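Below is one structure; the comments refer to it alone.
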Amino acid sequence: MAFDWIDEQAELRRRAGLVRTLRPRPADSPLLDLASNDYLGLARHPEVVEGAVRAARTWGGGATGSRLVTGTTALHAELERELAAFCGFESALVLSSGYAANLAAVTALAPHGTLVVSDAGNHASLIDGCRLARGTVQVAAHADPDAVRKALRTHDGPAVAVSDTVFSVDGDAAPLAALAGACRERGAGLVVDDAHGLGVLGDGGRGAAQAAGLAGADDVVVTVTLSKSLGSQGGAVLGPAKVIDHLVNAARTFIFDTGLAPAAAGAALAALGLLRREPERAARARAVARELHARLTAAGLEAVRPDAAVVSVRAPSPEGAVRWAADCRAAGLTVGCFRPPSVPDGISRLRLTARADLSGEQIERAVRVIGGTQP
């Protein structure tokens, strides 16, 4: 019978403790949230919500078409100008998700004959971009500029290195300045995903590229998401104007996808305005991450030192991670649970979000629950 193989796959997942299920949350959850990517606590901020409402009332519920047909509004153009100016790049292009932005950047910038050097710890969206690109892909050791340099030396044609700026599993940061140096030795481009850096790293949250002195460089392209620090939804590619123009003409996830909903664009614009007025939110998110790490390690837990706002705590097994997260939830705390294949090293983890709006009491409570439910 058709699809009988699905039953076999389901049984294998069950035996390995890797079954995933959807868990709808209520609008007003009583749980303390350390699982979402709302790093700056803006998703429910009144100004961000009002930005979404105002945009929906003005432009309607959807973009109505692809960006090249009817899906580009004055709001999209404004958001692109504001994103580029805030992050220090010449131009920007808004897409329907951060995933689509990564696919667009990698596939459009790695045609046939291009070498793509991809970090071993990259997010699935970058990996999928590499799989869809027509260039040749080499995987380099995690956060290792020398490995990138070695790979680039094997190729005489166009090349690009691809990396997260902050890796979503452990929250460690890529050595961006050193990666850019390795690329420049061979005339290669650098494409980095700043999903977990925007709003957290750099001057007032302007991102990891700005913090590394790479903002506006003509050989650097940055992708971002609007769904984390900006509390909205969507993605964008930032870079030289000629790169953005190329994506408009060559990136399939831009050309053939419906434009970002106006409400999401309006919310992101409002969040950018808040971040400009309140740059201290970025520093606060980093401070909360450091405090969480210090308290967790003091309690005897194995936590990875954070470079941004992600705090990772090692779990004994996939089953142990699931049970640990469930026990935390029963005690009033929501945490992320990362298991294979989401973790490249096969080690399961609890993943905590260090939000800028967490109070000292909430941090203490979270550490107490995590420590008290450890399997």
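The basis for the numbers below is simple: all heavy atoms, side chains too, and nothing from hydrogens, waters or symmetry mates. The model shown is predicted, which means the values in this text are computed figures rather than measured ones.
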TODO: Of all the heavy-atom pairs spanning I255 and V248, show the shortest one and how long it is.
DONE: CG1-O, 3.5 Å
Open item on the list: When you compare the side chain of L109 with that of H246, does any pair of heavy atoms fall below 4.5 Å?
Closed with: yes
N/O donor-acceptor pairs under 3.5 Å from side chains in residues 199-208, not counting sequence neighbours:
{"unit_1": "R206", "atom_1": "NE", "unit_2": "F86", "atom_2": "O", "d": "3.2"}
{"unit_1": "R206", "atom_1": "NH1", "unit_2": "D203", "atom_2": "O", "d": "3.0"}

- [ ] Could you tell me whether a side-chain N or O of T225 sits under 3.5 Å from a main-chain N or O of G234, the two making a donor and an acceptor?
- [x] yes
Task: Expected output: side-chain R81 to main-chain S91 donor-acceptor under 3.5 Å - done: no
Open item on the list: Taking D245's backbone N and O only, do any of them form a donor-acceptor pair with N249's side chain (distance below 3.5 Å, no angle check)?
Closed with: yes
Open item on the list: Donor-acceptor check, side chain of E80 to backbone of V94, threshold 3.5 angstrom: yes or no?
Closed with: yes
- [ ] Assess the side chains of T334 and D33: does a donor N or O sit below 3.5 Å from an acceptor N or O?
- [x] no
Task: Residues R131, D128: salt bridge by 4.0 Å N-O rule - done: yes
Open item on the list: Just by distance, no angles: are the side chains of T70 and T64 close enough, under 3.5 Å, to form a donor-acceptor pair?
Closed with: yes
- [ ] Using distance alone, with no hydrogens and no angle criterion, decide if D172 and H142 have a side-chain donor and acceptor under 3.5 Å apart.
- [x] yes
Open item on the list: Between R67 and T72, is there a side-chain donor-acceptor contact under 3.5 Å, judged purely by atom types and distance?
Closed with: yes
- [ ] Please check if any side-chain donor atom of R351 sits under 3.5 Å from a side-chain acceptor atom of N37, or the reverse.
- [x] yes
- [ ] Check step by step if side chain to side chain donor-acceptor pair (under 3.5 Å) holds for T373 and D327.
- [x] CA-CA 6 Å; T373 56; D327 290 344; 5.8 Å; no
- [ ] Establish, from distance only, whether the side-chain atoms of S359 and E364 form a donor-acceptor pair under 3.5 Å.
- [x] no
Task: More than 12 heavy atoms from other groups under 6.0 Å of CZ on R252 - done: no
Open item on the list: Checking the side chain of R349 only, and the main-chain atoms of V313 only, is there a donor and an acceptor separated by less than 3.5 Å?
Closed with: no
Open item on the list: Suppose the criterion is side chain to side chain donor-acceptor pair (under 3.5 Å): which pairs have a residue in residues 289-299, not counting sequence neighbours?
Closed with: E291-R295
TODO: For R277, look at atom CZ and say whether over 12 heavy atoms of other residues, nucleotides or ligands are found less than 6.0 Å away.
DONE: yes
TODO: For D4 and M1, indicate whether the former's side chain and the latter's backbone hold a donor-acceptor pair under 3.5 Å.
DONE: yes
Open item on the list: side chain to side chain donor-acceptor pair (under 3.5 Å), that's the test. Do Y39 and H196 meet it? Break it down for me.
Closed with: CA-CA 9 Å; Y39 294 132; H196 300 278; 2.6 Å; yes
TODO: May I ask you to decide if H76's main-chain N or O and T73's side chain share a donor-acceptor pair within less than 3.5 Å?
DONE: yes
- [ ] Check the surroundings of atom CZ in R305: do more than 12 heavy atoms from other residues, nucleotides or ligands lie under 6.0 Å from it?
- [x] no
Open item on the list: Could you check whether any side-chain N or O of D164 sits under 3.5 Å from a backbone N or O of D193, counting only pairs where one atom can act as donor and the other as acceptor?
Closed with: no
TODO: Return yes if some donor-acceptor pair links the side-chain N/O of T253 with the main-chain N/O of A100 below 3.5 Å, else return no.
DONE: yes
Task: Whether W59 side chain and R54 backbone form a donor-acceptor pair below 3.5 Å - done: no
